[in-house]
Amino acid sequence: MKGDRVEIVVDAGDTTRTYDMVASRAGRRVETAVRRGVVEVSEVTRSGSVVRTARFMATRVLALVEHPVPRVDDTERPLREDPKT
């Protein structure tokens, strides 16, 4: 969903660097995968096609923080007030 965000903190030798991958348009989401020593963060459309990808060596990644957008469900509606009061 628009606003999904993943923050990646990477060891860059004597300092750290922080990268953000954000779902830039409505209907897009951010997915993460760890494969063969590589952390891959991708922005994906509704149909599943990848828009852009960021790859980092897993040994250099210090933190991978996902910030999902809160989803609104129909089941989480506020209760109505008691009509008797």
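No hydrogens, no waters, no symmetry mates; every other heavy atom, side chains included, goes into these values.
- Note on residues 10-60: pairs passing ring-ring contact (aromatic ring centres under 6.0 Å, His included), not counting sequence neighbours, are Tyr19-Phe56.
- The CZ atom of Arg28 lies 12.5 Å from the CG atom of Asp4; values are rounded to the nearest 0.5 Å.
- If you take CG on Asp20 and CD1 on Ile8, they are separated by 7.0 Å, rounding to the nearest 0.5 Å.
- Looking at Val39 and Thr32, their side chains never come closer than 4.5 Å, going by heavy atoms from C-beta outward.
- Under the side chain to side chain donor-acceptor pair (under 3.5 Å) criterion, Arg46 pairs with no residue at all, not counting sequence neighbours.
- In terms of the side chain to side chain donor-acceptor pair (under 3.5 Å) criterion, residue partners of Thr45 (sequence neighbours excluded) are, by chain and number, Ser47, Ser49.
- Residues Val61 and Val34 form no side-chain contact, since every pair of their non-hydrogen atoms from C-beta on lies 4.5 Å or further apart.
- A continuous path of ILVMFWY side-chain contacts below 4.5 Å connects Val10 to Val30, so both sit in one hydrophobic cluster.
- Considering only residues two or more places apart in sequence or on other chains, Glu31 meets the salt bridge (charged side-chain N to carboxylate O under 4.0 Å, His left out) condition with Arg29.
- Remark: Thr18 engages no residue in a side chain to side chain donor-acceptor pair (under 3.5 Å) (not counting sequence neighbours).
- Rounded to the nearest 0.5 angstrom, Arg52 CZ and Met21 CE are separated by 5.0 Å.
- Taking both residues in full, the closest heavy atoms of Val22 and Glu43 are given as O-OE1, 3.6 Å, listed atom of the first, atom of the second, then distance.
- Partners of Arg36 under the salt bridge (charged side-chain N to carboxylate O under 4.0 Å, His left out) rule, at least two apart in sequence or in another chain, do not exist in this structure.
- Residue pairs that meet the salt bridge (Lys or Arg N to Asp or Glu O under 4.0 Å) test with at least one member in residues 8-19, sequence neighbours left out, are Asp11-Arg60.
- In this view, Arg35 and Glu40 satisfy the side chain to side chain donor-acceptor pair (under 3.5 Å) rule, not counting sequence neighbours.
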